[in-house]
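Below is one structure; the comments refer to it alone.
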Amino acid sequence: MSFSAHIITLFPDLFPGPLGASVIGRGMADGLWQLETTQLRDFATDRHRTVDDTPSGGGAGMVLKPDILARAIDAVSPEGDARPRLLMSPRGTPLTQARVRELAAGPGAVIVCGRFEGIDQRVIEARGLEEVSIGDYVLAGGEVAAMVLLEAVVRLIPGVLGAAESHADESFENGLLEYPQYTRPQSFEGREIPEVLTSGDHGKVAKWRRAESEKLTRARRPDLLK
Ligand code: ADE
């Protein structure tokens, strides 16, 4: 069974978008993962296909109705579906490479994309939605966030990246940012490749890279060192 992603959204036409391109799209064509979308509005019951209503207690914006979302989730992910149910939201737990690795090792994900001021809290609880944020900024909706999450996950599915691409040295995989990379020409606009990298001494290269990784992480992401 390959990794199975199912998106619940008011904008299914946005998918696969970037997920259809490059190695991620090839992985889908090769059957290493699959993507389905469901139009949330199909689960509305009134003539105008309403999915939202005004917030209880007053205030700006609209809130996604719990009954409609619950019906969509139940149709997409009946009881016994082992896939986690994610809700893309700036209120969520920040996405990390560790969570990305867990998701890639699992059966897939059901992903709800918000497009409103919010979603009725009761459906979040009743359907066990895990709120996930991709960063401390606010997007217009969860669709791009869902694409970000899936791109990060799918590239870790075995066979999606070629054998040549190793994950071991990537940023975050060892808790550090990745060291700087160089390739020919030896001299570019007066800047040389660091000598150690052309010395042929693999031990020295490894030590240099480790030191550069630590220096970069200390400067840019001291939070990762704690
Ligand atoms: N929807 C809006 N902003 C978001 C964010 N930062 N992360 C995930 N989903 C979102």
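In this text, all values refer to a predicted model and were calculated from it rather than measured experimentally. Start at 1 and go down the list; that is how both ligands and their atoms are numbered. For the numbers below, each heavy atom of this structure counts, side chains included, while hydrogens, waters and symmetry mates do not. Counting begins at 1 with the first residue of the sequence.
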Keeping the roles fixed (side chain from Thr217, backbone from Leu177), state whether a donor-acceptor pair exists under 3.5 Å. yes

Salt bridge or not for Arg210 and Glu214, using N-O below 4.0 Å? yes

Flag, side chain of Arg85 to backbone of Ser77, donor-acceptor distance under 3.5 Å: yes

Other ILVMFWY residues reachable from Leu197 by side-chain steps of under 4.5 Å: Tyr182, Ile193, Val196, Val205, Trp208

Using a 4.0 Å cut-off to any heavy atom of Gly141, which atoms of ligand 1 qualify? 1 (N)

Numbered in order shown, the ligand 1 atoms found under 4.0 Å of a heavy atom of Gly135 are 6 (N)

Note the single closest protein heavy atom to atom 1 (N) of ligand 1, along with its residue, its atom name and the distance in Å. Pro90 CD, 3.5 Å

Does ligand 1 have a heavy atom under 4.0 Å from the side chain of Ser89, from its backbone, from both, or from neither? backbone

Distance under 4.0 Å to a non-hydrogen atom of Ala145: what atoms of ligand 1 satisfy this? 8 (C), 9 (N)

So does Glu125 pair up with Arg122, basic N to acidic O under 4.0 Å? no

Knowing that exactly one of Glu131, Glu130, Glu117 qualifies, which makes a salt bridge (charged side-chain N to carboxylate O under 4.0 Å, His left out) with Arg91? Glu131

When distances are taken from atom 7 (N) of ligand 1, the protein heavy atom at minimum range is Ile134 N, 3.0 Å

Interfacing atoms of ligand 1 (cut-off 4.0 Å, heavy-atom, Val132): 8 (C)

For atom 3 (N) of ligand 1, which protein heavy atom lies nearest, and how many Å away is it? Leu139 N, 3.0 Å

In ligand 1, the atoms that come under 4.0 Å of a heavy atom of Ser133 are 6 (N), 7 (N), 8 (C)

Distance to 0.1 Å, residue and atom name: give those for the protein heavy atom nearest to atom 6 (N) of ligand 1. Tyr137 O, 2.8 Å

Test item: side-chain donor near acceptor, Arg83 and Ser4, under 3.5 Å: yes

